[in-house]
Amino acid sequence: MKIILNERRHAERALQYGEMDRKPAKTLGCLAKYGLEQGKSADSTYDLLNNFMTEYYPHYNTVRWDTFLTRVIKQSQKYIKSREEAHKSKLIEINSVSITYSELRKIKQLKSKRLEKLAFVLLVYSKINNLINENDTYWINNDLKEIYSDSQMAVSKKDQGLLVHKLIQLGYLKESRYIDSTNVQVLFAVEEDEVAFKLVRFDDFVLEYLRWKGENIKNCTVCGRRMLAKSNRMKYCRECKRAG
């Protein structure tokens, strides 16, 4: 999942350990929001970003990055202002997403692994969007490429739309009334039911649905990454096995 779900934690770990997203802009955005949220001025926030990049980004050049850092701060100021005006929290701080038994049973009724995995990922995205926007609308406006990546399915662009349309036909999703919009609304979310499990990690999270269905999901003994194990003797994920 490309979304940074806990901006405060991400910013604090960046400052403490030098951790940075593959795209520095994401970490810089979190740091800018974090600084501004704590009451820092734009100039002080600039110093925060500049010092961070100087210490942790190889070959960092202050002159070349000056315009970019300034733009990140201005965008963060607008973002925080809009959140304040909407009476929403300034930083996104999502620690977990709850999945209920009713939701899982409804997904299982699809009896198609591809549709089930897609429906589960869409459900998670809708709940994350609810938490970010502080509402309960279950609308999704995320890129389909990102959604299918989290579904761990290789699907052609044509079939991506067809699978979503199938879920619409089956009453699992509702399409937007705007002709050019690809937004969809999840209709099978049921919060008022017993929680089956909570997602606290969002790397390969679709495997938690497969684990609930009874598939053999194990954690790599080296990196801890979840993996679909073909046998009980399997100990390492593909990357760690290749590295070893």
Side-chain angles (χ1 to χ4, degrees), residues 1-97 121 124-135 139-150 199-205 220 222-226 237 239-240 242-243:
M1 181 169 284
K2 296 180 179 179
I3 306 168
I4 293 176
L5 299 178
N6 193 313
E7 294 176 328
R8 186 182 305 281
R9 183 191 301 153
H10 186 81
E12 289 175 346
R13 291 188 65 85
L15 293 172
Q16 186 173 359
Y17 304 110
E19 293 183 2
M20 192 183 307
D21 192 87
R22 277 186 233 175
K23 294 184 178 179
K26 287 188 176 183
T27 297
L28 290 173
C30 283
L31 287 172
K33 294 173 191 174
Y34 181 76
L36 294 167
E37 190 258 353
Q38 291 191 321
K40 290 182 181 293
S41 65
D43 288 341
S44 295
T45 303
Y46 182 95
D47 291 339
L48 177 71
L49 302 189
N50 184 55
N51 292 339
F52 173 77
M53 293 294 282
T54 299
E55 185 171 0
Y56 295 113
Y57 195 78
H59 313 299
Y60 173 66
N61 185 301
T62 304
V63 176
R64 290 181 180 176
W65 281 79
D66 175 71
T67 302
F68 185 78
L69 296 188
T70 300
R71 184 166 68 247
V72 167
I73 292 168
K74 286 182 178 178
Q75 290 173 344
S76 298
Q77 286 176 315
K78 289 181 180 178
Y79 173 86
I80 286 178
K81 183 180 179 181
S82 67
R83 299 278 294 186
E84 285 181 323
E85 290 174 349
H87 305 290
K88 297 177 181 178
S89 55
K90 297 176 186 177
L91 297 178
I92 297 169
E93 296 184 72
I94 300 172
N95 296 311
S96 65
V97 170
V121 171
V124 173
Y125 267 85
S126 74
K127 292 193 172 195
I128 287 172
N129 286 339
N130 283 359
L131 291 169
I132 291 174
N133 298 311
E134 298 182 16
N135 59 31
W139 278 97
I140 302 168
N141 58 2
N142 306 79
D143 187 357
L144 274 181
K145 184 178 178 181
E146 182 180 350
I147 288 169
Y148 276 99
S149 175
D150 281 325
L199 293 175
V200 294
R201 286 176 49 188
F202 294 88
D203 56 317
D204 302 324
F205 65 88
C220 174
V222 175
C223 68
R225 184 175 181 175
R226 287 172 290 206
C237 68
E239 289 76 11
C240 290
R242 189 181 299 133

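Numbering starts at 1 and runs along the sequence shown. Computed from a predicted structure; not experimentally measured.
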Evaluate side chain to side chain contact (heavy atoms under 4.5 Å, CB included) for Val97 paired with Phe205, printing each intermediate quantity in order. CA-CA 11 Å; Val97 170; Phe205 65 88; over 6 Å; no

CA sep, side-chain torsions, deciding dist, call: Arg226, Asp203, side chain to side chain contact (heavy atoms under 4.5 Å, CB included): CA-CA 8 Å; Arg226 287 172 290 206; Asp203 56 317; 3.5 Å; yes

Could you walk me through whether Asn142 and Ile128 pass side chain to side chain contact (heavy atoms under 4.5 Å, CB included), step by step? CA-CA 11 Å; Asn142 306 79; Ile128 287 172; over 6 Å; no

Throw together a table of side-chain donor-acceptor distances under 3.5 angstrom for residues 45-59, partners on residues two or more places apart or in other chains.
from  : atom 1 : to    : atom 2 : distance (Å)
Thr45 : OG1    : Ser41 : O      : 2.8
Tyr46 : OH     : Asp66 : OD1    : 2.7
Asn50 : OD1    : Tyr60 : OH     : 2.7
Asn51 : ND2    : Asp47 : O      : 3.1
Thr54 : OG1    : Asn50 : O      : 2.7

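Distance check: Ser149 OG to Leu144 CG gives 12.0 Å after rounding to the nearest 0.5 Å. For the atom pair CZ of Phe68 and CD1 of Ile73, the computed distance is 11.0 Å after rounding to the nearest 0.5 Å. Going from atom OH of Tyr125 over to atom CG of Asn141 covers 11.0 Å, rounded to the nearest 0.5 Å. For the atom pair CD1 (Ile92) and CG (Asn133), the distance works out to 8.0 Å, reported to the nearest 0.5 Å.
Side chain of Asn129 to backbone of Trp139: a donor-acceptor contact under 3.5 angstrom is found. Panel note: side chain Asn6, backbone Asn95; no donor-acceptor pair is recorded below 3.5 Å. Remark: side-chain polar atoms of Ser126 are not paired, donor with acceptor, to backbone N or O of Ile140 under 3.5 angstrom.
Here the closest heavy-atom approach between residue Val121 and residue Asp150 is recorded as CG2-O, 3.8 Å. Considering all non-hydrogen atoms of both residues, Leu31 and Ala11 come closest at CD2-O, 3.6 Å. Of all the heavy atoms in Thr27 and Ala14, the pair that sits closest is CG2-CB, 3.9 Å. Nearest heavy atom pair, residue Arg22 against residue Pro24, reads O-CD, 3.3 Å. Across all their heavy atoms, Val72 and Leu28 have their closest contact at CG1-O, 3.8 Å. Between Gly29 and Ser76, the shortest heavy-atom contact is O-OG, 3.8 Å.
Residues that satisfy the side-chain hydrogen bond (donor to acceptor under 3.5 Å, both in side chains) test with Glu19, not counting sequence neighbours, are Arg13. Partners of Asn130 by side-chain hydrogen bond (donor to acceptor under 3.5 Å, both in side chains), not counting sequence neighbours: none found.
Sorted pairs that involve residues 4-40 and meet ring-ring contact (aromatic ring centres under 6.0 Å, His included), not counting sequence neighbours, are lacking altogether. Applying the salt bridge (Lys or Arg N to Asp or Glu O under 4.0 Å) rule to pairs touching residues 23-41 yields Glu7-Lys33, Arg8-Glu37, sequence neighbours excluded. For the salt bridge (Lys or Arg N to Asp or Glu O under 4.0 Å) condition, the pairs that include at least one residue of residues 79-90, sequence neighbours left out, are Arg83-Glu134, Glu84-Lys90.
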